[in-house]
Novice: 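Would you mind keeping the following structure in view while I ask a few things?
Proteins get letters first, then strands, A, B, ... in listed order; numbering begins at 1 in each. The shown structure was predicted, so the numbers you read here are calculated from the model rather than taken from an experiment.
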Amino acid sequence: MAKIQPPKGTRDLYPLEAARRRWLCERWRAVAIRHGFEEVDGPTFETTDLYAVKSGEGILGELFQAFSGKDPREVEQIREGRPAPYALRPEFTPTLARMYAQKARTLPAPCRWFQIGPFFRAERPQRGRLREFLQWNVDLLGDASERADAEIIACCIAFLESCGLTSEQCTVRVCDRDVLAEVLEEVGLRDERAQEAALRVLDKRGKVPPDVLHRLASEAGFDIEQFDALCIKRSRSADVQGRFADLDPHWIRWDWSIVRGLAYYTGTVFEVVADGERAVAGGGRYDNLIELFGGPPTPAVGFAMGDVVISLLLQDKGLMPDEKELLDEIGARPDAFVLSADPALDDRVNSVLRDLRHAGLHARRTSRQTRNVGKLLKEASQQHAKAAVILESLEEASVKWLDAAGKQERVPIAELVAYLLSHARSDGSGPRA
RNA sequence: GUGGCCGUAGCUCAGUUGGUCAGAGCACCUGGUUGUGGUCCAGGAUGUCGCGGGUUCGAAUCCCGUCGGUCACCCCA
């Protein structure tokens, strides 16, 4: 039988990778909760119509479409080349807007929500971009103030800092669609379509040589030098200067080339950028989207961060914890590895194992035949167990702590659970000297 | 959707102009007979050389196709 390969752009997560994913998600979650956001989630697939609301053409092409196959009309629909009735969610915002609109009357205002889960885009995979990925969405609905923008950005920065990233390694580039629109008007672009074309050009800044940028701008009907001059003047304005005064200025940089696509942003837009990687996170204000989804007019601001790029960045900077730290942080390190050199104590190993587990401890034993204590200790430390429990007799054990100090103590088996629990409570790394 | 590069054991790769080229290291498994931890010995398993077709006396090696990976473009909600 031919080998069945995983679908393009997906990942198989073996224990170490799965531990990394859990570590990342738990860190996302912890930061969001600490900042006062509540976790929500929606379905991983929605009706295709939901995604068609705000954008008819391009986006639909990169949706993973789905249908139940139970309804002949669905099958017919596909056969005729029309979009399938469902689509795997490519982003969370439409779901969020739908959920909020449904219950807007009963929800507190402002509403602070975050979500973590898988998303899907039928794109061609490349560095930092896969077809299935995890995303962390943080949104603040019902607060039009600039402070709300700042809070969202603060949450994002807090996460970066908690990973050990510094403002030398990545920065938050901020811009404002309204301000951009005003400047574009000043250079003579009044109607929306012309401005959209101009934004497309501005997005190219840094990706194409200056002369090409100049030419593209001319084709879009404006002069890039004039635009830049106006931006410089604007940059000195109180509006730009005073913005986000509460945030650590090291992280924040105003950047006129941040336009965040052309989608639904209305005011502040921002991206977390790092050298050599595509955007680590992105977000902004979307004040008319909830209304678009049938809800009451509701100002909103939020951002999303994918797991792919941030993982690459942490990997590159050496900030991804090693296996032991990962297991430690997600609480997956064995508390005890039970062994004995004496085959006659095999049954006792099992009963001790049972007692430890019953007490809520993570306990393991070898599944190998050897009674070679050296090998078993090696196995224990390879599994990053905190302690090895070496049974000496039916009543007594030696507990060897598998940290650098390697302290070892004789403990009656009857007191083993209490002994291990007391040390697990302290700091998990063994007895204090 | 378009283009560049790549595809040999679980992993990283070697394989010279087609002719002992099916290999190395790491990892893994089993021991080292009475017991102290990642770097020690000794053994061991593992590959339709991505897949399919073609050229040839002979293909991991050359050609075509295909699938997958990767990087870039488009796009980035």
Novice: Say we look at B/G3 and B/C13: how far apart would their C1' atoms be, to the nearest angstrom?
Specialist: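 Rounded to whole Å, the distance is 27 Å.
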
Novice: Within the structure shown, what part of the strands sits under 4.0 Å from A/Lys207 by heavy-atom distance: base, sugar-phosphate, or nothing?
Specialist: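 Base contact.
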
Novice: With a 3.5 Å cut-off and just heavy-atom distances, do the side chain of A/Arg121 and the base of B/A77 make a donor-acceptor pair?
Specialist: yes

Novice: With both distances under 3.5 Å as the test, what is the Watson-Crick or G-U wobble partner of B/U46?
Specialist: none

Novice: Consider the side chain of A/Arg278, meaning its heavy atoms from C-beta on, and name the nucleotide among B/A77, B/C74, B/C76 that approaches it most closely.
Specialist: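 Selected nucleotide: B/C76.
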
Novice: Considering every strand and a 4.0 Å limit on heavy-atom distances, what is the contact class for A/Thr370: base, sugar-phosphate, or nothing?
Specialist: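 Sugar-phosphate, backbone atoms only, no base.
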
Novice: For the residue pair A/Arg112 and A/Phe37, would you count it as a cation-pi contact if the rule is NZ or CZ under 6.0 angstrom from the ring centre and within 45 degrees of the ring axis?
Specialist: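 The answer is yes; both the distance and angle limits are met.
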
Novice: Round to the nearest Å and state the distance from A/Arg371 atom CZ to B/G37 atom P.
Specialist: 19 Å

Novice: Classify A/Gly9 by what it touches in the nucleic acid, base, sugar-phosphate, or nothing, heavy-atom distance under 4.0 Å.
Specialist: sugar-phosphate

Novice: Rounding to the closest angstrom, what is the interatomic distance between B/A59 and B/G54 at atom P?
Specialist: 12 Å

Novice: In a check of side chain to side chain contact (heavy atoms under 4.5 Å, CB included) between A/Ile310 and each of A/Leu319, A/Val272, A/Leu160, A/Leu134, which one passes?
Specialist: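 Result for side chain to side chain contact (heavy atoms under 4.5 Å, CB included) with A/Ile310: A/Leu160.
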
Novice: Can you tell me how far apart CG (A/Leu202) and CD1 (A/Ile258) are? Round to the nearest 0.5 Å.
Specialist: 11.0 Å

Novice: Which base sits across from B/G25 as a Watson-Crick or G-U pair, both distances under 3.5 Å?
Specialist: B/C11

Novice: Give a yes or no answer on whether the side chain of A/Arg333 reaches the backbone of A/His384 with a donor-acceptor pair at less than 3.5 Å.
Specialist: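 Side chain of A/Arg333 to backbone of A/His384, a donor-acceptor pair under 3.5 Å: yes, one is there.
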
Novice: As a test of reading the structure: which of B/G31, B/C76, B/C71 is closest to the side chain of A/Gln126, going by heavy atoms?
Specialist: B/C71

Novice: Any strand counts, and the cut-off is 3.5 Å on both contacts for Watson-Crick or G-U wobble. Which nucleotide pairs with B/G1?
Specialist: B/C73

Novice: Nearest to the A/Lys378 side chain among B/A77, B/G38, B/G68, which nucleotide is it?
Specialist: B/G38

Novice: Could a donor-acceptor pair under 3.5 angstrom be found where the side chain of A/Lys375 meets the base of B/G38?
Specialist: no

Novice: Between A/Arg260 and B/A77, does any side-chain N or O lie under 4.0 Å from OP1 or OP2?
Specialist: yes

Novice: Specify the residue among A/Gln408 and A/Thr93 whose closest nucleotide of RNA chain B lies further upstream toward the 5′ end.
Specialist: A/Gln408

Novice: By the 4.0 Å heavy-atom rule, please label A/Arg200 as base, sugar-phosphate, or nothing.
Specialist: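 Touches sugar-phosphate only.
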
Novice: Could you tell me whether A/Glu219 atom CD has more than 12 heavy atoms of other residues or ligands within 6.0 Å of it?
Specialist: yes

Novice: Is there a donor and acceptor pair, one atom on the side chain of A/Glu379 and one on the base of B/G37, closer than 3.5 Å?
Specialist: no

Novice: Counting only distance, no hydrogens or angles, is the base of B/C75 paired donor-acceptor with the side chain of A/Arg129 under 3.5 Å?
Specialist: yes

Novice: Would you kindly give the CD-to-P distance between A/Glu123 and B/C75, to the nearest whole Å?
Specialist: 12 Å

Novice: My understanding is that a pair needs two contacts under 3.5 Å, Watson-Crick or G-U wobble. By that rule, which nucleotide pairs with B/A59?
Specialist: none

Novice: Under 3.5 Å for both donor-acceptor distances, Watson-Crick or wobble: does B/G68 have a partner, and if so which one?
Specialist: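 The base-pairing partner of B/G68, which may sit in any strand shown, is B/C6.
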
Novice: Between B/U33, B/A77, B/G68, spot the one nearest the side chain of A/Tyr265, thanks.
Specialist: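 Per side-chain heavy atoms of A/Tyr265, the pick is B/A77.
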
Novice: Can you tell me whether the side chain of A/Arg124 and the base of B/G69 have a donor-acceptor pair closer than 3.5 Å?
Specialist: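 Checked by distance alone, the answer is no.
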
Novice: Counting just side-chain N and O atoms, does A/Lys204 come under 4.0 Å of either OP1 or OP2 of B/C75?
Specialist: yes

Novice: Identify whether any heavy atom of A/Gly406 sits under 4.0 Å from a base atom; if not, whether one sits that close to sugar-phosphate; answer base, sugar-phosphate or nothing.
Specialist: base

Novice: NA contact type, A/Leu376, heavy-atom cut-off 4.0 Å: base, sugar-phosphate, or nothing?
Specialist: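 It contacts nothing in the nucleic acid.
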
Novice: Measuring centre to centre across the rings, with the benzene-like ring taken for any Trp, is A/Phe114 within less than 6.0 Å of A/Trp28?
Specialist: no

